[in-house]
Peer 1: 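Below is the structure I would like to discuss, written out as structure tokens.
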Amino acid sequence: MKKYQFTLFLILLYNFSISQQPIYDIGQNYISISPTDTKADIIEKAAKVAPSQRQYNWQKQEMTAFIHFGVKTYDDNGFYKRETDISLFNPKEIDVKQWVRVLKEAGMKLVVFTAKHSDGLCLWPSKYTDYNITKTPYQNGKGDLVRDMAQACEAAGLKFGVYISPYDMHEPSFGTEAYNILFKNHLTELLTNYGPIHEVWFDGHGDGTKIPYDWEGYYSLIRKLQPEAVIAVMGPDVRWVGTESGYGRHTEWSVLPGNAVNQDDIAANSQQSNVEGAFVPRNLMKEDLGSREILEKATSLVWYPAEIDVSIRPGWFYAQEDDHLVKSPQKLVDIYYNSVGLNGVLLLNIAPDERGLVPEQDVKSLQGMHYLLDRTFDTNLFSNPSITSNNQHKKHKVTTLLDGDNESFWTPKKDLPATVVLSTKNRQRFNTLLLQENIINGQRIENFVVEIKNGSKWDTLTTGTTVGYKRLFRFDEVFTDQVRLTITGSRGIPELSEIGVYNAPPEVIFEKESQSFANNLTVELKSTSSTATIFYTIDGSEPTTESAIYQNPITISENSTIKAIAKSKDNKTGLVQTATYHKANYKVKYNEPFSKKFPGEKELSLVDGKMGILAYNQGNWQGFRTNNVDVVVDLGSNKTIHSLSTRYLKTIQASIFAPEWVSYSFSEDGIHFSEPIILKNTDGDEIDKNEIPTYHGKKSIKTFATEKLNITTRYIRVIAKNRSVCPEWHKNAGKEAWLFIDEVLIN
């Protein structure tokens, strides 16, 4: 066995020996498998694996928050340099109470604060390094953000956790035993000076090298100093789901083979990005992590639940360029259903800005998310029905499914299938279903079917596999007075704790979402509720229930912003939703094709007036993979133009380079073009070899503009030369290069 490849059994055994409390608090969260165990024996054992007390307490939080704030907030490249000017760190309007207030109002139960990220700057006055907050101008060197955050969380009744990066770009001793000693000294400061810590978050920062982290020493120290804290991601209590998208698996088991905790594997898969900007899912993102077939090959079993992390913005730290890319309330709600609603815990990142405040647009999205979730789950429409079961234990009756207590449960008294039927006197409209398992005794349900009564027959509403702590389903609105749940597969006897039927506020659906058009465009609006009334405006103003009622499709012939809101028959009102439509100025012919992966607005993208920002995947950029940009713009008739320019993106991390040169030529007939005006790129893309890896932070927009013109023409040909392959110094040397363009600007 390699020095830093060890099984979960060794981790848990070691932790048990040094922890101040037993590791088996509720049930056994680790069970070994004997070579003589049959397949049936293994599945029987899997049904008995249950969370420790700390794991159970963590799971019940459901929604937790990350806060990324530090020197990278002020220096985009600072995250990737060995030496960063930390004098830049000086938030003038900082209010950590605002951070905590916003998060509490959004429904968060715990806040994990980035006490030290990979840049190495300690945001507390550590006595073990000068690279700490006292060496910045912040509060004249008297600041301590860890203290301030801990106090703010305590005052608000939220639990507090810390992120401390094992990876350290700044520390000279990094990668040596001396660094392990330093790191444990930092951990000791954080875990002894700031009250109760409920989560310690490590990442692996997969950089392709094997670093001798003393994981066992880190874990034992945490167990000794903060035995209630879960150790997340690079640790034995909580696992990374495998992506940073906010989405979990539809079959999410918390019971996994014991070798799922292999820190080398986790580190190798952590923080690996591809051209789409999403983290590459590898072993931890296999769709099947805990099926019977997987467990039958295991040598031990462990309770290892999934934490599902995502940022409210494209990046983890604040960047002004992302201000228009904050996830909408509807997107955050969808993430909630696909994380918390798939047996996970959501870790949602918030990035305070340079002022030291959560930006207004982020606050608005969080408030909207909370409103939608609160209005959805405020009333269980089947909370007082007739509830029956064909198969129930005399001590755990079916009525407990509606008592609001996650720790009471219904269980069958005999073999499956087992059925529960909910009936109401009056038919109900609903679009959401909740199921919860009593995970105190393990996760067992493997298959189930939900049906609704339709006249004299039962129609299938949905099917599922795992339930776990919480399983949520959304579907098109249905209208019925009976719902039937049938559990068809389970590891041992299932224990179901809750069932709920809900109706979410109605949403407006734009048949044609924000897009560009040529002459005119007809837009249809629909709602997720068949009984809802839609109110709308087309001038960008906020709609109310006094606004125009949508009855017929809307036709637009100029730039327009349609805003709409829906109100259902049960008086639930959704949030305002917006779609913006841009009328293209001209026509474009493509001599070389753009990428289907990044089409922008397709054939109208370069002439619709929609400008891109420093984020290639936000929709306004059109990508060319090894191809040149070669287009002919048709002005429709002869026009006199006085200036001409095109804009290109440079994001070296994603293999996107500015063109080597750009040429413009002109024609009155679209066949015979003038001698081109050629503009060369004189900036270059080379990197500073002393910065590792500098190209992560190289982002800019390059404009190729002519001098003043006085040309009468109808057709303009634009050619931009793609460098085709990445240069030798680049991490993707020799591989395909990208060219991104957003607009041809003509005056």
Side-chain angles (χ1 to χ4, degrees), residues 26-29 31 39-40 42-51 55-56 59-60 62 248-256 287-296 301-306 337-345 387 389-393 396-398 400-403 405-422 432-451 460-473 483-501:
I26 294 180
Q28 289 183 306
N29 66 351
I31 294 179
K39 292 181 179 180
I42 294 172
I43 298 306
E44 183 179 353
K45 287 186 174 182
K48 296 177 181 178
V49 180
Q55 289 173 316
Y56 182 63
Q59 186 89 49
K60 289 192 296 181
E62 297 192 3
R249 299 169 186 79
H250 285 275
T251 299
E252 192 69 76
W253 285 104
S254 294
V255 180
L256 272 62
E287 191 61 31
D288 182 5
L289 294 184
S291 68
R292 289 180 177 234
E293 291 74 19
I294 295 293
L295 298 189
E296 286 166 358
L301 303 172
V302 61
W303 188 271
Y304 201 28
Y337 277 91
N338 285 281
S339 54
V340 177
L342 289 175
N343 188 37
V345 169
I387 182 168
S389 174
N390 70 336
N391 185 354
Q392 69 176 349
H393 193 282
H396 300 287
K397 296 184 178 180
V398 72
T400 62
L401 295 179
L402 300 172
D403 64 5
D405 183 355
N406 295 343
E407 297 179 12
S408 65
F409 57 92
W410 158 79
T411 188
K413 66 178 179 180
K414 56 185 179 181
D415 292 340
L416 300 180
T419 297
V420 173
V421 178
L422 299 166
T432 304
L433 175 76
L434 173 148
L435 298 173
Q436 289 191 266
E437 223 172 328
N438 177 42
I439 65 168
I440 288 178
N441 291 333
Q443 184 186 5
R444 300 176 182 177
I445 296 174
E446 293 179 303
N447 290 285
F448 59 91
V449 179
V450 180
E451 301 163 291
T460 299
L461 178 63
T462 189
T463 62
T465 51
T466 49
V467 174
Y469 178 75
K470 180 170 285 189
R471 186 69 190 267
L472 296 171
F473 290 91
V483 178
R484 182 168 72 184
L485 166 71
T486 304
I487 299 176
T488 57
S490 180
R491 299 171 179 178
I493 303 298
E495 296 183 4
L496 195 69
S497 62
E498 288 292 307
I499 185 169
V501 177

Peer 1: Residues in ring-ring contact (aromatic ring centres under 6.0 Å, His included) with Tyr469, at least two apart?
Peer 2: none
Peer 1: For residues Thr465 and Thr251, is any side-chain donor paired with an opposing acceptor at under 3.5 Å?
Peer 2: yes
Peer 1: So, Asn391 side chain and Asp415 main chain: donor-acceptor pair closer than 3.5 Å or not?
Peer 2: yes
Peer 1: Is Glu296 salt-bridged to Arg292, going by a charged N under 4.0 Å from an acidic O?
Peer 2: no
Peer 1: Should the heavy atoms of other residues, nucleotides or ligands under 6.0 Å from NZ of Lys60 be counted, would the total exceed 12?
Peer 2: yes
Peer 1: Donor-acceptor pair, distance only, cut-off 3.5 Å: does the side chain of Glu62 make one with the backbone of Val340?
Peer 2: no
Peer 1: Of all the heavy-atom pairs spanning Val467 and Glu437, show the shortest one and how long it is.
Peer 2: CB-OE1, 3.5 Å
Peer 1: Quick check: closest heavy atoms across Trp303 and Pro51, and the distance to 0.1 Å?
Peer 2: NE1-CB, 3.4 Å
Peer 1: Show, in sequence, the C-alpha distance, side-chain angles and deciding distance for Val450 and Arg484, and conclude whether the side-chain contact (heavy atoms from CB on, under 4.5 Å) test is met.
Peer 2: CA-CA 6 Å; Val450 180; Arg484 182 168 72 184; over 6 Å; no
Peer 1: Test side-chain contact (heavy atoms from CB on, under 4.5 Å) on Lys470 and Leu435 and set out the steps.
Peer 2: CA-CA 6 Å; Lys470 180 170 285 189; Leu435 298 173; over 6 Å; no
Peer 1: Using the test salt bridge (Lys or Arg N to Asp or Glu O under 4.0 Å), find all partners of Glu252 that sit at least two apart in sequence or belong to another chain.
Peer 2: Arg239, Arg249
Peer 1: Would you mind writing out the side-chain donor-acceptor pairs for residues 486-496 within the sub-3.5 Å range, not counting sequence neighbours?
Peer 2:
unit_1	atom_1	unit_2	atom_2	d
Thr486	OG1	Thr419	OG1	3.3
Thr488	OG1	Asn447	O	3.4
Ser490	OG	Arg444	O	3.4
Ser490	OG	Gly492	O	2.9
Arg491	NE	Glu446	OE2	3.2
Arg491	NH2	Gly290	O	2.5
Glu495	OE1	Asn438	ND2	2.7
Glu495	OE1	Asn441	ND2	2.9

Peer 1: What are the two closest non-hydrogen atoms of Gly464 and Phe473, and how far apart are they?
Peer 2: CA-CZ, 4.3 Å
Peer 1: Please report the interatomic distance CG(Leu401) to CD1(Ile387), rounded to the nearest 0.5 Å.
Peer 2: 4.5 Å
Peer 1: Can you tell me how far CD of Gln392 sits from NZ of Lys414, rounded to the nearest 0.5 angstrom?
Peer 2: 11.0 Å
Peer 1: So how far is it from Leu402 CG to Leu422 CG, rounded to the nearest 0.5 Å?
Peer 2: 6.0 Å
Peer 1: For Trp253 versus Asn343, what's the shortest heavy-atom pair and its separation?
Peer 2: C-ND2, 4.4 Å
Peer 1: Quick check: closest heavy atoms across Asn29 and Gln55, and the distance to 0.1 Å?
Peer 2: ND2-OE1, 3.2 Å
Peer 1: Side chains of Ser291 and Asp288: do they bring a donor and an acceptor to under 3.5 Å?
Peer 2: yes
Peer 1: side-chain contact (heavy atoms from CB on, under 4.5 Å) between Ile499 and Leu434: does it pass, once the steps are laid out?
Peer 2: CA-CA 5 Å; Ile499 185 169; Leu434 173 148; 5.9 Å; no
Peer 1: If I take atom CD1 from residue Ile439 and atom CZ from residue Phe409, how far apart are they, to the nearest 0.5 angstrom?
Peer 2: 13.0 Å
Peer 1: Could you please spell out the steps behind the side-chain hydrogen bond (donor to acceptor under 3.5 Å, both in side chains) verdict for Ser408 and Asp403?
Peer 2: CA-CA 8 Å; Ser408 65; Asp403 64 5; 2.5 Å; yes
Peer 1: Could you pull out the closest heavy-atom pair between Val49 and Ile31, with the gap in Å?
Peer 2: CG2-CD1, 3.7 Å
Peer 1: Short question: side chain of Glu498, backbone of Asp405 - any donor-acceptor pair under 3.5 Å?
Peer 2: yes
Peer 1: Hey, what do you get for CD (Gln436) to CG (Leu472), rounding to the nearest 0.5 Å?
Peer 2: 8.0 Å
Peer 1: Using the side-chain contact (heavy atoms from CB on, under 4.5 Å) rule, take Tyr304 and Leu289 through it: C-alpha gap first, then chi angles, then the decisive distance, then the call.
Peer 2: CA-CA 11 Å; Tyr304 201 28; Leu289 294 184; over 6 Å; no
Peer 1: Starting at OG1 of Thr466, measure out to CG of Leu342 and round the result to the nearest 0.5 Å.
Peer 2: 7.5 Å
